[in-house]
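We name chains A, B, ... by the order of the sequence lines, and we start the count at 1 in each one. Computed over heavy atoms, backbone and side chain alike; hydrogens, waters and symmetry mates excluded.
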4 protein chains.
Amino acid sequence: MARTLDQNLHKRRKTQIISAAAKCFAKKGIHQTSMQEICDAANISAGALYRYFASKDAVILAMAESEKNANEQLITHLDNSVDVVEGLCQALPSIIAILSNREYGRLAIEISAETSRNPAMAELFQSNDTQLQTAMIKALKAGQKQGTVNKDLNVKGAVYVILAMFDGITLRSTSLASPPKEKTVKSFVYFVRRFLAPV
Amino acid sequence: MARTLDQNLHKRRKTQIISAAAKCFAKKGIHQTSMQEICDAANISAGALYRYFASKDAVILAMAESEKNANEQLITHLDNSVDVVEGLCQALPSIIAILSNREYGRLAIEISAETSRNPAMAELFQSNDTQLQTAMIKALKAGQKQGTVNKDLNVKGAVYVILAMFDGITLRSTSLASPPKEKTVKSFVYFVRRFLAPV
Amino acid sequence: MARTLDQNLHKRRKTQIISAAAKCFAKKGIHQTSMQEICDAANISAGALYRYFASKDAVILAMAESEKNANEQLITHLDNSVDVVEGLCQALPSIIAILSNREYGRLAIEISAETSRNPAMAELFQSNDTQLQTAMIKALKAGQKQGTVNKDLNVKGAVYVILAMFDGITLRSTSLASPPKEKTVKSFVYFVRRFLAPV
Amino acid sequence: MARTLDQNLHKRRKTQIISAAAKCFAKKGIHQTSMQEICDAANISAGALYRYFASKDAVILAMAESEKNANEQLITHLDNSVDVVEGLCQALPSIIAILSNREYGRLAIEISAETSRNPAMAELFQSNDTQLQTAMIKALKAGQKQGTVNKDLNVKGAVYVILAMFDGITLRSTSLASPPKEKTVKSFVYFVRRFLAPV
DNA sequence: TATGAATGAGCGTTCATTCAT
DNA sequence: TATGAATGAACGCTCATTCAT
């Protein structure tokens with residue numbers, strides 16, 4: 001019982017720290033955020049933070065790990081759709097909404113930047129991405145068998161194109177002043193349908 | 001005359017510093033690069049650097065400014081093509097090659113990250129992007145008149161989609177272990193043609 | 001009775017903490033050892049430790065106190081010998097063995113270093129040393145009466161010389177890679193006999 | 001010229017830092033002295049100190065290196081004496097005076113403590129000691145040939161005994177309240193003569 | 001104009017000690 | 001009594017920036 005409480009507390013504290021860190025990182029960038037700022041945001045002392053994370057790098061990594069939820073949502077969505085293309089097209093507005101969320105986007109870019117220099121982050125990113133790719137490839141191949149996806153499509157290439165598009169949406173909507181407008185979203189839907197659906 | 005020489009020297013020194021900074025930023029990230037590292041890479045003393053740039057932020061901004069060349073190349077290319085779609089499709093492999101260049105990509109991401117927090121950077125990014133958007137919109141509209149571009153296309157949306165794709169390529173090829181393979185490039189070409197060309 | 005048990009427990013806990021501390025101090029040095037390390041070595045919580053010792057300084061002092069056993073052994077030995085010189089010479093190999101024991105030596109040096117800065121430690125050291133000096137002086141004077149010790153000897157000075165030699169053995173055998181070899185031990189015996197025995 | 005000035009400045013600053021550090025280390029102990037305290041004592045800023053020494057460990061090592069002068073003085077003295085034993089006996093009072101100097105002794109003990117845990121320090125100590133041993137062995141063997149040193153002596157062992165005695169003097173005079181008195185010094189002289197001189 | 005020594009605030013991290021449970 | 005989470009000051013060290021030369 002005490003054990004359970006302890007572990008709960010431990011998890012709660014970690015979550016509390018990670019979400020404080022995520023906010024700070026999104027606002028100021030990973031390397032411009034000091035541990036003290038994270039502590040302040042999480043309402044704990046510096047010493048306490050180090051009971052839960054061994055270093056700033058560990059906080060960064062944990063934050064990145066906790067960001068993979070978006071992917072998981074998308075995968076679940078794909079798995080549950082009867083027609084991949086239509087499923088994706090219907091989901092697209094809300095996917096784009098997530099991708100263009102300011103905090104999500106800034107964090108994604110910070111993580112990307114970190115990825116090219118931190119091996120642990122790179123591994124994490126790679127494995128997340130592979131998971132998403134695999135799920136999409138499976139869904140598209142199934143679609144090709146079903147006849148709901150263009151049979152001439154190079155599936156791997158198509159997945160790359162779509163994921164690049166997603167990443168691009170994230171990058172642009174944080175760098176630019178405003179997120180994609182409704183008309184733009186429609187263009188994305190149009191593109192995806194035209195690209196994936198049978199001719 | 002002496003004045004001209006002076007100004008030339010001044011410009012050359014600035015360029016030298018900026019390209020040293022760019023290399024460092026790509027290698028270690030903007031905020032993990034110290035001014036001393038830039039000085040060393042540029043073969044200049046700390047005191048001298050500050051004669052050319054008022055602060056680290058000024059160096060960052062100047063570096064970002066110097067990175068807009070890629071855009072200009074693309075714009076020139078579009079202007080010179082008779083058929084936008086075909087022109088773009090032919091240029092695509094080399095565009096993708098540029099976008100997936102490791103140093104270019106890392107710098108682009110660093111700049112993106114900076115953009116969401118530094119107003120001067122944001123303005124710069126915005127203006128570069130608008131320039132590119134405008135050029136592409138113009139080219140696509142011309143194409144629609146010419147009959148080389150699908151008339152049903154929402155041109156602004158299409159441009160957003162294509163630019164997102166470009167940004168996505170950059171982001172993915174620096175975060176992932178390897179740049180897009182030949183087959184993937186073909187998928188991009190296939191997509192652009194299918195998306196833009198008349199039905 | 002319960003009281004007695006309690007006090008026994010209390011003493012046992014203290015001993016347990018002190019010997020854990022001694023091991024840590026010898027391994028890492030007093031000031032590079034954290035209270036947490038002592039707690040871990042003693043299998044006790046931080047809170048519990050502070051029920052037995054008021055501060056780290058108190059632990060250090062108690063550890064130093066517990067180290068005076070070596071002296072007591074030596075004193076007992078001297079008291080029991082009929083001929084001081086021969087007694088000492090026979091005991092010398094095992095005394096040297098104790099003095100050159102790595103853990104003992106390191107602790108002794110740590111304590112010495114502490115002694116020059118901590119008045120309580122200094123007092124402790126002084127009193128231990130005085131006790132040993134007194135015992136040796138007494139033994140040597142008795143020897144002079146008996147005729148087993150050189151009558152020309154300035155007893156106080158001789159004791160200083162011998163104790164310095166002991167301390168030197170300790171210092172050298174911890175700083176140097178190896179303890180004194182058998183031949184070296186013989187030299188010490190030769191020296192002591194030549195120094196103390198009647199001409 | 002500028003070069004020479006620079007190097008002079010560099011050396012002067014290093015010396016200034018080392019002697020400030022030595023004072024601090026003697027007063028408070030190596031690990032209880034903060035870099036800030038050294039900076040304050042040397043009248044420079046933290047940043048400046050790190051231009052001259054890469055780390056606290058580097059300062060400690062340099063300080064230890066600068067302490068080997070005492071040895072060198074002794075070696076020179078031995079080399080210049082016609083009769084080793086008499087030379088040593090005459091030098092003994094001033095050697096003991098050096099060894100019992102408060103700052104020298106405290107530093108020596110700090111260095112000893114450090115030696116058992118820091119490989120670089122151990123190597124330094126070892127090499128200094130070997131140098132001194134070698135010089136003394138050479139001098140004693142020459143003495144044996146000359147007839148001024150007891151021929152039965154195991155020279156290596158004798159050197160060990162004498163050096164242990166020196167170290168012991170250092171250790172005792174810092175731990176104890178007072179340095180050895182004149183009578184004690186006489187005992188040392190008596191011992192050395194009796195130990196080394198021919199029977 | 002160029003140099004590089006100097007500054008000092010601020011960084012990530014540790015640890016003796018306290019105290020709610 | 002025992003626990004171990006929490007504190008916060010202080011640590012070793014870095015770095016953007018300044019300025020005497």
Side-chain angles (χ1 to χ4, degrees), chain A residues 2-3 5-6 9-10 12-13 31-40 42-60, chain B residues 6 9-10 13 31-40 42-60, chain C residues 6 9-10 13 31-40 43-60, chain D residues 1-3 5-6 9-10 12-13 31-40 42-60:
Chain A
R3 191 65 198 256
L5 271 173
D6 273 358
L9 177 65
H10 208 262
R12 239 184 312 129
R13 279 265 188 277
H31 296 287
Q32 295 99 289
T33 298
S34 72
M35 289 305 259
Q36 197 51 62
E37 285 169 317
I38 298 174
C39 291
D40 292 350
N43 259 311
I44 54 163
S45 67
L49 189 151
Y50 279 86
R51 284 194 70 76
Y52 299 97
F53 294 98
S55 64
K56 190 179 183 182
D57 266 9
V59 176
I60 296 170
Chain B
D6 274 17
L9 179 65
H10 206 261
R13 278 261 196 281
H31 296 287
Q32 293 99 290
T33 297
S34 71
M35 289 302 258
Q36 196 52 60
E37 284 169 317
I38 298 173
C39 291
D40 293 349
N43 260 312
I44 214 176
S45 71
L49 190 150
Y50 276 84
R51 291 199 74 74
Y52 298 98
F53 295 98
S55 66
K56 190 178 182 182
D57 268 6
V59 176
I60 297 170
Chain C
D6 274 16
L9 178 65
H10 206 261
R13 278 261 194 281
H31 296 286
Q32 293 100 291
T33 298
S34 71
M35 289 301 258
Q36 196 51 61
E37 284 170 317
I38 298 173
C39 292
D40 292 349
N43 261 313
I44 214 177
S45 70
L49 190 150
Y50 276 84
R51 290 199 75 76
Y52 297 99
F53 294 98
S55 66
K56 191 178 181 181
D57 268 5
V59 176
I60 296 169
Chain D
M1 182 68 180
R3 192 65 198 256
L5 271 172
D6 274 358
L9 176 65
H10 208 261
R12 240 184 311 129
R13 280 264 189 278
H31 296 287
Q32 294 99 290
T33 297
S34 72
M35 288 306 259
Q36 197 51 62
E37 284 169 318
I38 298 174
C39 292
D40 292 349
N43 258 310
I44 53 162
S45 67
L49 189 151
Y50 280 88
R51 284 192 70 76
Y52 300 96
F53 294 99
S55 63
K56 190 179 182 181
D57 266 8
V59 175
I60 296 169

Can you tell me how far [atom2] of [N] sits from [atom1] of [X], to the nearest Å?
X: B/M35; N: F/dT18; atom1: CE; atom2: C1'; result: 12 Å
X: D/Y50; N: E/dG4; atom1: OH; atom2: C1'; result: 20 Å
X: D/R13; N: E/dG4; atom1: CZ; atom2: P; result: 16 Å
X: B/Q32; N: E/dC11; atom1: CD; atom2: P; result: 15 Å
X: C/Q36; N: F/dA6; atom1: CD; atom2: C1'; result: 13 Å
X: A/Y52; N: E/dG12; atom1: OH; atom2: C1'; result: 19 Å
X: D/L49; N: F/dC11; atom1: CG; atom2: C1'; result: 14 Å
X: D/L9; N: E/dT3; atom1: CG; atom2: P; result: 18 Å

From [options], pick the nucleotide closest to the side chain of [X]?
X: C/R51; options: F/dT17, F/dT1, E/dG4; value: F/dT1
X: A/K56; options: F/dG12, E/dC15, E/dT13; value: E/dT13
X: A/A48; options: E/dT3, F/dT3, F/dA6; value: F/dA6
X: A/A46; options: E/dT17, E/dT13, F/dT7; value: E/dT13

Looking across every strand, which nucleic acid part, if any, lies under 4.0 Å from [X] by heavy atom: base, sugar-phosphate, or nothing?
X: D/I44; answer: sugar-phosphate
X: C/F53; answer: nothing
X: D/S45; answer: base

Looking at E/dA9, which nucleotide sits across from it as a Watson-Crick or G-U wobble partner, both distances under 3.5 angstrom, or is there none?
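The answer is F/dT14, by the H-bond criterion.
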What is the pairing partner of E/dA20, taking Watson-Crick or G-U wobble pairs with both distances under 3.5 Å in any strand?
F/dT3
Output the distance between atom OG (A/S45) and atom CG (A/L49), rounded to the nearest 0.5 Å.
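Answer for the OG-CG pair, A/S45 versus A/L49, is 8.5 Å.
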Return the CZ to OH distance between A/R13 and A/Y52, rounded to the nearest 0.5 Å.
5.0 Å
Between [X] and [Y], which heavy-atom pair has the shortest distance, and what is it?
X: B/A46; Y: B/C39; answer: CA-SG, 3.5 Å
X: B/K56; Y: B/T33; answer: NZ-O, 2.6 Å
X: C/Q32; Y: C/E37; answer: O-OE1, 3.6 Å

Would you kindly compare D/S55 and A/N43 by the position of their nearest DNA chain F nucleotide and give the one closer to the 5′ end?
A/N43
